[in-house]
Amino acid sequence: MSSFNRRFLLLALPALAACGFEPVYGTGGSAEGLRGSILVDAPTTRDSFNLVAQLEQRLGRAQAPVYGMSVALSVEEKGLAISDNNNITRYNILGRADYVLRDLATDDELYKGSVNTFTAYSASVQPVATLAAERDANARLMSALADKITSDLLLNSGKF
């Protein structure tokens, strides 16, 4: 590391502290109480199962839940590319998750949010390959939605 980089870091740290920067997972950080304390409603579909698994991986499986979270998931598939013989060769999968965080003791709504994203996959002349690509795309979509939900909760954890 050059001396310029070290000087820059030494000068940047006080500036970050002065602007109110605080790590969310740090001691006393706003997200300190979230890990392992959110019980996500039981999944009912393959996509919701993947989403709940991804959320539990990021937020921790609820050991002593304080919060409950319900997620309304919608997934839509759209044909994107059509070949010369009118076969769809590329699909976009659009996903949206509307979620509500509630206090388990009082059932009061503490926070609600909505995230959306998309992914895509290519169709093949082999049905098994197409199905595998579609399932993989759906799994990637649930992972991306879980990332966005987690980020939103961490950024807003000081509000609840």
Side-chain angles (χ1 to χ4, degrees), residues 21-160:
F21 172 78
E22 174 184 301
V24 291
Y25 283 126
T27 304
S30 59
E32 187 176 33
L34 287 182
R35 185 124 184 99
S37 65
I38 299 176
L39 179 63
V40 183
D41 290 352
T44 57
T45 65
R46 179 190 307 263
D47 284 338
S48 64
F49 178 84
N50 286 335
L51 179 65
V52 169
Q54 293 295 323
L55 285 169
E56 286 179 346
Q57 186 177 47
R58 286 156 181 75
L59 297 169
R61 180 169 275 173
Q63 301 300 318
V66 175
Y67 307 105
M69 183 171 20
S70 54
V71 181
L73 186 60
S74 65
V75 176
E76 180 182 359
E77 187 175 284
K78 291 188 174 187
L80 189 61
I82 300 175
S83 68
D84 293 339
N85 55 359
N86 287 333
N87 291 327
I88 299 175
T89 58
R90 185 121 178 112
Y91 292 90
N92 267 2
I93 303 176
L94 312 168
R96 178 183 172 102
D98 300 309
Y99 54 96
V100 177
L101 190 70
R102 62 191 184 285
D103 185 320
L104 286 177
T106 64
D107 207 34
D108 289 342
E109 183 180 295
L110 301 174
Y111 184 75
K112 68 165 57 172
S114 181
V115 296
N116 58 61
T117 191
F118 74 96
T119 190
Y121 70 95
S122 294
S124 168
V125 294
Q126 300 296 323
V128 173
T130 299
L131 181 60
E134 180 182 9
R135 285 186 178 168
D136 180 64
N138 277 304
R140 288 192 321 270
L141 180 67
M142 295 306 115
S143 181
L145 287 171
D147 285 342
K148 288 184 169 226
I149 290 170
T150 302
S151 294
D152 189 38
L153 288 173
L154 293 177
L155 287 171
N156 292 291
S157 60
K159 297 179 182 176
F160 49 87

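In this text, all values refer to a predicted model and were calculated from it rather than measured experimentally. Just the heavy atoms: all of them, side chains too, but no hydrogens, waters or symmetry mates, feed the values below.
- Side chain of Ser143 to main chain of Ala139: no donor-acceptor pair is present (N/O by atom type, distance under 3.5 Å, no hydrogens or angles).
- Taking both residues in full, the closest heavy atoms of Leu145 and Gly95 are given as CD2-O, 3.9 Å, listed atom of the first, atom of the second, then distance.
- With values rounded to the nearest 0.5 angstrom, Asp103 atom CG is found 7.5 Å from Tyr67 atom OH.
- Formation of a donor-acceptor pair under 3.5 Å by the Arg35 side chain with backbone atoms of Arg58 is found in this model.
- Between Ile88 and Gly79, the closest heavy-atom pair is CG2-CA, 3.7 Å.
- Leu101 contributes atom CG, which lies 11.5 Å from atom CG of Asp108 (distance to the nearest 0.5 angstrom).
- A distance of 9.5 Å separates CD in Glu77 from CG in Leu94, rounded to the nearest 0.5 Å.
- Judged by distance alone, the side chain of Thr130 and the main-chain N or O of Ser124 form a donor-acceptor pair under 3.5 Å.
- Contact record, Thr89 with Ile82: OG1-N, 4.4 Å, taken as the closest heavy-atom pair.
- Minimum interatomic distance between Ile149 and Ala97 (heavy atoms only, all atoms of both residues): CD1-CB, 3.9 Å.
- With rounding to the nearest 0.5 angstrom, the CG atom of Leu141 is 10.0 Å from the CG atom of Asn50.
- Minimum interatomic distance between Gln54 and Ala146 (heavy atoms only, all atoms of both residues): CB-CB, 3.5 Å.
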Item to complete: Evaluate the side chain to side chain contact (heavy atoms under 4.5 Å, CB included) criterion for residues Leu59 and Val40: first the C-alpha distance (whole Å), next the side-chain angles of each, then the deciding distance (0.1 Å), finally the verdict.
Response: CA-CA 10 Å; Leu59 297 169; Val40 183; 5.7 Å; no
Practice prompt. Please assess Tyr111 against Asp152 for the test side chain to side chain contact (heavy atoms under 4.5 Å, CB included), listing each intermediate value before the final yes or no.
Written response: CA-CA 10 Å; Tyr111 184 75; Asp152 189 38; 3.0 Å; yes
Worksheet entry | Asp136 vs Arg140, salt bridge (charged side-chain N to carboxylate O under 4.0 Å, His left out): CA-CA, chis, key distance, verdict | CA-CA 6 Å; Asp136 180 64; Arg140 288 192 321 270; 2.4 Å; yes
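- The number of heavy atoms from other shown groups lying within 6.0 Å of CZ (Arg90) is above 12.
- Electrostatic pairing of Lys112 and Asp98 does not count as a salt bridge here, judged by no charged N lying under 4.0 Å from a carboxylate O.
- Taking the six-membered ring where tryptophan is involved, the planes of Tyr91 and Tyr121 are essentially parallel, since the angle between them stays under 30° and well short of 60°.
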Worksheet item: Stepwise, does the side chain to side chain contact (heavy atoms under 4.5 Å, CB included) test hold for Asp41 with Val71?
Response: CA-CA 7 Å; Asp41 290 352; Val71 181; over 6 Å; no
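- In this structure, CD1 in Ile38 is found 11.0 Å from CD in Glu56, a value given to the nearest 0.5 Å.
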Worksheet entry | Full working for side chain to side chain contact (heavy atoms under 4.5 Å, CB included) between Asn138 and Arg46 | CA-CA 9 Å; Asn138 277 304; Arg46 179 190 307 263; over 6 Å; no
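- Two residues are said to be in side-chain contact when any heavy atoms from C-beta on lie closer than 4.5 Å; Leu104 and Val66 fail this criterion.
- Arg102 and Asp107 get closest at one heavy-atom pair: CD-OD1, 3.2 Å.
- To the nearest 0.5 Å, atoms CD (Gln57) and CG (Asp147) are separated by 9.5 Å.
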